[in-house]
Structures are given as structure tokens and as C-alpha cells.
> 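After the C-alpha cells below, expect a handful of questions from me.
All values reported here derive from a predicted model rather than from experimental measurement. Residue numbers start from 1 in every chain, and the chains themselves are labelled A, B, ... in the order their sequence lines are given, proteins ahead of strands.
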Amino acid sequence: MNNFPILKRQVYGNKLIYLDNAATTQKPEIVLQAMDNYYRDYNANVHRGIHLLAEEATVAYEKVREQVAKFINAESEEIIFTKSTTESLNLLAYSLTQNLKKNDEIILTVMEHHSNLVPWQQLAKQRGLVIKYVPIKTNGELKLDTFNKLLTKKTKIVSLTHLSNVLGTINPIKEIAKKVHSFGATLVVDAAQSVPFMQIDVKELNCDYLAFSGHKMYGPTGVGVLYGKKTLLEKLPPFLYGGDMIEKVTLKETTFNTVPYKFEAGTPNIAEVIGLGAAIKFLQEENINTIKSHEEELTKYALKELNKINSLTVYGPQKRGPLISFTIKNVHPHDITALLDKDGIASRAGHLCAMPLLQELNVDGVIRVSFGVYNTKEEIDFFIKSLNKAIKVCNGN
Amino acid sequence: MEIKEAQELLSALPAREQLEALIDYGKQLKEFSETEKKEENKVPGCVSTAYLTVEVKENKVYFSGYSDALTIKGYLAILINGFNGMNVKEFLSTAESIVKEFITKTKLQASLTPSRANTLGNIIAIMIKKVRQQV
Ligand SMILES: Cc1ncc(COP(=O)(O)O)c(C=O)c1O
């Protein structure tokens with residue numbers, strides 16, 4: 001295993017046990033080094049200067065585009081670098097809705113992260129569009145029969161998460177894509193949680209757009225990806241205007257650069273993109289399928305152990321991604337995470353940026369543990385022990 | 001109990017014990033009337049739901065409060081027990097600096113992940129605001 005310097009750190013005198021990977025993952029040495037090397041050896045702006053450093057920086061930056069493309073089975077021109085999943089989704093919400101007509105419909109699901117809900121909701125308000133939400137079953141899976149009924153000729157866009165950051169539900173994108181396309185609508189997939197966990201093949205999924213973040217896949221913050229089918233990107237109007245995204249500018253008019261550059265206005269996050277390249281190399285070396293099996297095993301084990309605790313309710317389906325949200329009867333989630341923290345365990349509590357989903361589940365907040373490539377079964381044992389201790393502290397007199 | 005007392009007690013403890021002591025304070029917080037659990041008594045900016053009321057009687061302040069998180073209840077208990085019965089003028093002129101010192105000495109903020117914002121500072125600011133509204 002490539003080493004993660006931060007995991008050597010102590011927290012309140014305990015070894016750090018990092019179970020907040022769905023929020024952000026830790027960074028392996030090769031990512032840190034790649035970014036450091038860029039700043040030390042060849043820091044320059046990309047696509048501009050005619051000098052050696054600029055040439056090296058541009059080559060490194062563009063090489064990552066190819067790496068990302070290969071990683072998700074896309075073409076290089078189909079990869080746009082953004083700042084995050086959030087920015088990718090905002091770009092789409094803004095640009096995809098520009099040519100829609102009043103009362104055109106967008107379908108989302110109730111399990112969306114705020115970043116795949118608020119942009120559509122706000123743009124819909126501005127442009128008089130209608131949003132419909134796919135509900136969930138009690139086990140946390142989408143009600144696909146309701147989805148089929150919501151889908152009509154009025155539907156222009158369907159946007160949903162691949163892997164829920166609260167429930168762990170993995171949505172059947174391939175199947176959904178077929179239905180969406182049969183109505184001529186566009187399918188957007190939020191893959192923030194799935195890209196670090198499972199093999200993504202955009203050709204197989206046949207989604208039109210896909211968004212994810214570098215920082216959730218062992219890469220740096222400040223870099224995200226938007227994949228889009230080339231033919232669609234060519235027609236999509238740009239979101240941000242400025243340098244680099246233009247072909248020709250006069251005082252009166254501007255023509256835009258080709259894809260993907262049309263969507264990358266201004267100086268990009270070069271070091272972060274280079275760091276993302278290293279993260280992909282890391283994921284490939286570790287092998288994404290091996291990572292998936294490892295995390296699935298941890299999740300299954302943790303689920304089994306959590307279900308032994310009487311007062312505890314787990315949300316979401318049995319078959320899921322590497323995260324578990326739960327509540328404990330009569331105990332506030334924040335009290336538990338604060339106590340876990342004192343044992344060196346980093347977990348998450350609250351609404352997890354999915355307030356509408358929590359309203360559906362009828363809870364104010366949950367506790368979430370989420371697993372990464374470096375977590376172990378021993379860490380889960382320690383977490384369960386610490387959790388039981390915390391419950392006792394909160395319930396005792 | 002004086003805030004100074006809680007301060008000395010908590011400052012002497014390592015992080016884990018300190019948090020457990022805070023939770024214990026929370027458990028001792030007096031019952032809060034169900035009818036007072038209403039919007040206007042909510043403490044804004046708190047990540048967990050919290051309520052706070054104040055009554056000024058014979059020139060003295062009397063608070064009561066509630067939160068569904070024990071850690072926040074602990075904060076409320078320390079502040080309420082510390083300030084209840086204090087003369088209004090004294091409260092208004094000293095409360096903020098007393099709490100500031102409490103935060104620095106106990107380093108409790110650092111040990112409280114649920115509070116993204118400055119929880120204690122937030123609660124005391126609201127206590128002061130509520131007292132000002134009444135006098
Ligand atoms: C499912 C999902 N979508 C979107 C996001 C937003 O990602 P970012 O904050 O990196 O833009 C997250 C991150 O928490 C997420 O879990």
C-alpha cells in the first residue's frame with residue numbers, strides 16, 4: 001500500500017482512525033509529491049507561454065486529461081476540468097437549461113446531495129421549469145416504477161446520484177439511461193461517491209454527463225471533472241467566460257474555443273489537476289476492483305456489527321457502497337461523533353448535505369462512517385467498541 | 001456553581017474526560033418547559049436544536065434552556081448555573097469576558113466537533129441579547 005503520511009498522526013493520544021472518507025479521502029504520498037514537484041520544478045501557466053516550463057506544465061496537465069478519459073472509458077475531449085462535482089453540476093444546470101421552455105420538466109431523486117438539487121431547483125425557478133422527484137422505498141432504493149411514470153415527453157433532463165452519500169444505495173444507471181433516452185431526455189450522473197469505489201465505464205453506463213471530485217478519490221481538493229459526450233458538449237453553451245475558452249475576441253464579439261477548452265475559462269487549478277493524475281495512477285496500481293472488494297467486505301462486516309446494537313437503526317439497503325448512516329434511539333448524533341473523536345475516530349454527523357432525504361427518513365441527523373482503501377477490520381472492531389462506550393456515556397445517569 | 005469552578009474542573013481534565021464531564025453537566029440541566037420549545041426561543045446558528053429563555057426578576061437574570069444534544073446541554077448548564085441570579089448590570093458588563101476566559105482556559109471548543117461555529121460564544125451572545133431586550 002502506498003503510504004498516506006497523515007495516517008501516522010495521533011488524535012488525542014490515539015491512532016487516527018479515519019472513517020470519513022465519503023466527505024474527503026486522505027492523500028497518498030505520490031499525490032503530495034506530484035503537486036510539490038510541479039511547484040518546485042515546472043510551475044508555469046498552461047496553454048500559453050512559449051517556454052520550456054510552460055511546455056512541460058501543459059504536457060503534464062493534458063496528460064491527466066488522457067488519464068481521466070482512460071480511467072472512465074471516455075475520449076480526452078470529453079473531459080472538462082472544473083473545481084468540483086458541485087461546479088460541474090452547476091455548469092450543467094446553467095447550460096443545459098438555457099434552451100428549455102417554460103414547464104419543461106427535470107427529474108431528480110429525493111436522495112440527491114444538495115449539490116445535485118439546489119442548482120436545478122434555482123435554475124428551474126428562474127426559467128419556469130418543473131422539477132419532479134423520484135421517491136425511495138423503505139430500504140433506500142429508488143422507486144423505479146414511479147420513475148417510469150414520471151418520465152414523459154415533457155422530461156428534458158434526468159439527474160441523479162450513482163451512489164448515495166447517505167444511504168449507500170447504488171442506482172441502476174444503465175437501466176435508467178435506456179429509459180431516459182427512449183424519451184429523448186438527457187441523463188446526468190453525480191458520480192462523486194462511485195468513482196473512488198467502482199469501475200466506471202461511461203460508454204457502458206451510457207450517461208450523457210458525469211460529474212466527480214478529485215478529493216474524494218485520494219486526489220487534492222480544488223479539482224473536479226465533468227465528462228460529457230462530445231457531440232453534446234459541442235452544442236452546450238459555455239458557463240464561465242474569460243481567457244483560454246475563446247478562439248477569437250474583438251471588441252464586439254467572441255467566438256469560442258473547441259471542446260473541452262470552451263468550458264475551461266481562466267487559469268485552471270494546474271497543481272491539483274496534476275495531483276489528480278497521480279491519484280488515478282494510485283487507484284490503478286491498487287486496482288479499483290480490489291479496492292471495491294476490500295471496502296465491500298469492511299462494509300458488510302461493519303453492518304453486521306452495528307446491527308448487534310439494539311438501539312441502533314441503519315438506513316439504506318443491504319447491498320451498498322462503502323458507507324453506513326445510522327441513528328441511535330434518544331441519542332444525538334453529534335454527541336456520538338464528539339465522543340468517537342476523543343478515541344481518534346473521525347466520523348460524520350448531521351444532515352450530510354441531503355436535508356430533503358433526511359426529511360424523507362424522518363430524522364434530523366445521522367451518524368455516518370465511510371470506508372476507504374486504507375481502513376481495516378481491526379479499525380472497525382475498535383470503532384464498534386468505542387461506539388458502544390459512547391452510547392453508554394450518553395445513556396447513563 | 002460558578003463558571004470559574006467549572007472552568008477549573010474542566011481545565012484539569014484530558015480531552016476525553018473533559019467531554020464526558022461536559023455531558024454530565026448536560027444531564028443535570030433542569031427540565032425545560034415543553035411549551036417554551038417554540039421558534040422564537042430557538043438558538044439560531046446552533047447545529048443541534050437548542051432553546052433559551054430569560055426572565056429578569058428584581059433586577060436579576062434567570063435563564064433556562066434545552067438542547068437535544070448533551071454536549072450543547074452541557075454548555076447551557078454551565079452558563080445557566082453560572083449566571084442565574086446575577087445582577088443584570090453585572091451580567092451585561094462581565095458575561096462576555098467570563099465566557100471568553102472559560103473558552104481559552106478549558107480549550108473546550110477544540111474538543112467539540114459538533115460545533116462548526118463558536119457554540120459557546122454564540123450562546124452567550126444570545127443570552128446577552130435576550131437580557132438587553134428585557135431591560
Ligand atoms: C453524492 C455527492 N454529490 C456531490 C458532492 C459534492 O462534492 P464536492 O463538495 O466535492 O463538490 C458530494 C460530496 O459530499 C457527494 O457525496
> Can you tell me how far the NE2 atom of A/H332 sits from the CG atom of B/D68, to the nearest 0.5 Å?
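Those atoms lie 4.0 Å apart.
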> For the NZ atom on B/K37, are there more than 12 heavy atoms of other groups (residues, nucleotides or ligands in this structure) within a distance under 6.0 Å?
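Yes, the 6.0 Å shell around NZ holds more than 12 heavy atoms from other groups.
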> Could you walk me through whether A/K389 and B/R16 pass the side chain to side chain contact (heavy atoms under 4.5 Å, CB included) check?
CA-CA 12 Å; A/K389 212 165 64 175; B/R16 169 84 196 197; 3.6 Å; yes
> Mark yes when over 12 heavy atoms from residues, nucleotides or ligands other than B/E96 sit less than 6.0 Å from its CD; otherwise mark no.
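Atom CD in B/E96 is not crowded, with 12 or fewer foreign heavy atoms closer than 6.0 Å.
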> Please classify the contact of B/L70 with chain A as side chain, backbone, both or neither, using a heavy-atom distance under 4.5 Å.
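Answer is both: backbone and side chain atoms of B/L70 are under 4.5 Å from chain A.
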> State whether the number of non-hydrogen atoms from other residues, nucleotides or ligands found under 6.0 Å of A/Q10 atom CD is greater than 12.
yes
> Tell me if a side-chain donor or acceptor on A/K342 pairs with a main-chain N or O of B/E20 at a distance below 3.5 Å.
no
> Only pairs under 3.5 Å count here: list side-chain donor-acceptor contacts from residues 127-135 of chain B, not counting sequence neighbours, and write none if there are none.
from: B/K130; atom 1: NZ; to: B/L52; atom 2: O; distance (Å): 3.2
from: B/Q134; atom 1: NE2; to: B/V54; atom 2: O; distance (Å): 3.0

> Give a yes or no on this: more than 12 heavy atoms of other residues, nucleotides or ligands lie within 6.0 Å of atom NZ of B/K89.
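12 or below, so no.
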> Once rounded to the nearest 0.5 Å, what's the spacing between atom CG of A/L339 and atom OG1 of B/T71?
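Answer for the CG-OG1 pair, A/L339 versus B/T71, is 8.0 Å.
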